[in-house]
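Everything on this sheet refers to the single structure shown next.
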Amino acid sequence: MRRVMLTVAYDGTAYSGYQLQENAPTIEGEVNRCLKELLGEEIKVIGGSRTDAGVHALCNVAVFDTDSRIPGEKISYALNQRLPEDIRIRKSQEVAADFHPRHCESRKTYEYKIVNSKFPIPTKRLYYHFTYSSLDTDKMQESAAYLVGEHDFKSFCSAGSQVESTVRAIHSLQVIREEEEITIRVTGNGFLYNMVRIIAGTLMEAGKGLWEPEHIKDILSAKDRGAAGPTAPACGLILVKYEFM
């Protein structure tokens with residue numbers, strides 16, 4: 001028995017998230033189905049990041065065990081012949097038998113993309129969040145600075161999430177504007193349910209001038225989801241980097 005790791009890229013528009021669900025199309029479900037066709041085994045991959053419905057990724061990871069003799073690095077080529085066009089395996093490789101992507105130290109980078117213009121841009125509608133409200137990116141960056149470091153991010157976690165701890169560490173958080181496009185880029189050791197989208201929604205509220213940057217400290221202290229801004233739409237979010245330390 002060997003363990004193989006896949007680096008998975010996908011356009012999440014047509015899927016109900018990454019994680020396997022009954023009676024709903026998911027990234028994991030498609031990968032499992034195609035691996036079964038390829039290897040002739042019942043396969044259930046273990047995913048690294050459980051992205052939400054409509055969220056995209058360049059580099060999510062998944063591992064699975066197999067008795068197949070196909071070399072690990074060749075599985076990506078064969079699997080891509082079977083997967084739908086909106087899912088691609090960018091790399092496959094054999095890893096240690098006990099390797100588990102969620103049980104080892106890692107660092108993930110997400111980007112949240114915004115089109116900030118008078119009217120939407122149709123070609124970007126699936127990958128950017130549109131807002132015509134003027135956003136002050138300097139205020140957004142000032143606000144973002146209060147989130148860097150280790151904090152209790154309970155205010156930035158969707159209600160009903162079941163986790164042992166809501167403490168996480170954000171290593172960097174940047175707000176970058178290039179003309180009408182704004183990118184919120186965040187790197188951390190792990191993220192709570194909807195955390196990045198809530199951060200994006202909260203920073204946009206600051207960018208609209210609805211509160212001053214230092215109000216972020218009050219939001220963190222509240223440890224109450226109701227204290228933070230709205231959850232930004234899923235379409236603007238993409239997992240761009242996944243590093244194992």
Side-chain angles (χ1 to χ4, degrees), residues 1-12 14-22 24-53 55-111 150 161-165 167-172 185-193 195-196 237-245:
M1 186 72 72
R2 299 179 301 131
R3 178 158 289 193
V4 175
M5 183 173 79
L6 307 174
T7 300
V8 191
Y10 48 86
D11 176 339
Y15 298 93
S16 297
Y18 176 84
Q19 193 171 10
L20 188 66
Q21 298 179 37
E22 290 186 14
T26 65
I27 306 300
E28 199 169 67
E30 287 298 304
V31 174
N32 287 346
R33 178 182 63 80
C34 294
L35 280 170
K36 180 180 179 181
E37 289 180 5
L38 173 65
L39 304 176
E41 302 172 285
E42 287 292 337
I43 300 289
K44 289 187 177 180
V45 299
I46 301 169
S49 186
R50 298 169 178 173
T51 55
D52 299 333
V55 173
H56 317 294
L58 293 178
C59 56
N60 207 343
V61 299
V63 297
F64 66 93
D65 296 324
T66 179
D67 288 320
S68 170
R69 299 179 66 182
I70 300 175
E73 67 275 12
K74 298 296 184 182
I75 288 176
S76 56
Y77 296 92
L79 197 53
N80 283 332
Q81 297 299 313
R82 293 165 169 78
L83 285 164
E85 291 183 342
D86 49 8
I87 304 174
R88 280 295 176 266
I89 308 304
R90 300 184 66 188
K91 185 179 182 180
S92 59
Q93 62 190 106
E94 190 168 344
V95 293
D98 61 350
F99 177 80
H100 191 303
R102 296 199 299 273
H103 294 167
C104 57
E105 188 177 354
S106 64
R107 183 176 293 190
K108 302 172 189 174
T109 299
Y110 284 90
E111 289 184 351
E150 187 174 88
S161 177
Q162 296 180 347
V163 290
E164 291 182 4
S165 172
V167 174
R168 296 292 185 273
I170 289 182
H171 303 301
S172 66
R185 181 180 296 135
V186 55
T187 299
N189 68 347
F191 296 93
L192 301 165
Y193 182 47
M195 179 173 161
V196 178
L237 186 60
I238 180 169
L239 175 62
V240 297
K241 198 170 185 180
Y242 201 138
E243 305 167 273
F244 293 102
M245 313 308 290

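Source: prediction; values computed, not measured.
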State the [atom1]-[atom2] distance between [X] and [Y], to the nearest 0.5 angstrom.
{"X": "L39", "Y": "I70", "atom1": "CG", "atom2": "CD1", "value": "5.5 Å"}
{"X": "I238", "Y": "D11", "atom1": "CD1", "atom2": "CG", "value": "9.0 Å"}
{"X": "D52", "Y": "Q19", "atom1": "CG", "atom2": "CD", "value": "10.5 Å"}
{"X": "L239", "Y": "E111", "atom1": "CG", "atom2": "CD", "value": "10.0 Å"}
{"X": "K91", "Y": "M5", "atom1": "NZ", "atom2": "CE", "value": "6.5 Å"}
{"X": "Y18", "Y": "S49", "atom1": "OH", "atom2": "OG", "value": "9.5 Å"}

Under 3.5 Å, is there a donor-acceptor pair between the side chain of [X] and the main chain of [Y]?
{"X": "E94", "Y": "R2", "result": "no"}
{"X": "R90", "Y": "L58", "result": "yes"}
{"X": "N189", "Y": "A169", "result": "yes"}
{"X": "R3", "Y": "F99", "result": "yes"}
{"X": "D86", "Y": "G12", "result": "no"}

Identify the heavy atoms of [X] and [Y] that sit nearest to each other, and give their distance.
{"X": "S92", "Y": "I75", "value": "OG-N, 3.6 Å"}
{"X": "R50", "Y": "R102", "value": "NH2-NH2, 2.7 Å"}
{"X": "S165", "Y": "L192", "value": "O-CD2, 4.0 Å"}
{"X": "C34", "Y": "L83", "value": "SG-CD2, 3.7 Å"}
{"X": "Y110", "Y": "L237", "value": "CD2-CD1, 3.7 Å"}
{"X": "E28", "Y": "L20", "value": "OE1-N, 2.9 Å"}

Below 4.5 Å, heavy atoms only, C-beta onward: do [X] and [Y] meet side chain to side chain?
{"X": "E30", "Y": "Y15", "result": "yes"}
{"X": "I46", "Y": "H103", "result": "no"}
{"X": "V240", "Y": "C59", "result": "no"}
{"X": "L6", "Y": "L79", "result": "yes"}
{"X": "T51", "Y": "Y10", "result": "yes"}
{"X": "V167", "Y": "E150", "result": "yes"}

Can you find a side-chain donor-acceptor pair between E41 and S68 that sits under 3.5 Å?
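Judged by distance alone, the side chains do not pair up.
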Which is it for I170 and M195 under the side-chain contact (heavy atoms from CB on, under 4.5 Å) test, yes or no, and what are the steps along the way?
CA-CA 11 Å; I170 289 182; M195 179 173 161; 4.0 Å; yes
May I have the step-by-step check of side-chain contact (heavy atoms from CB on, under 4.5 Å) for V63 and H100, ending in yes or no?
CA-CA 7 Å; V63 297; H100 191 303; 5.8 Å; no
After noting the C-alpha distance and the side-chain angles of V8 and I89, does the key distance pass the side-chain contact (heavy atoms from CB on, under 4.5 Å) rule?
CA-CA 5 Å; V8 191; I89 308 304; 4.0 Å; yes
Inspect the surroundings of CZ in F244 and state if more than 12 heavy atoms from other residues, nucleotides or ligands are less than 6.0 Å away.
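Enclosed.
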Checking side-chain contact (heavy atoms from CB on, under 4.5 Å) for the pair Y193/V163: CA distance, chi angles, key distance, verdict?
CA-CA 9 Å; Y193 182 47; V163 290; over 6 Å; no
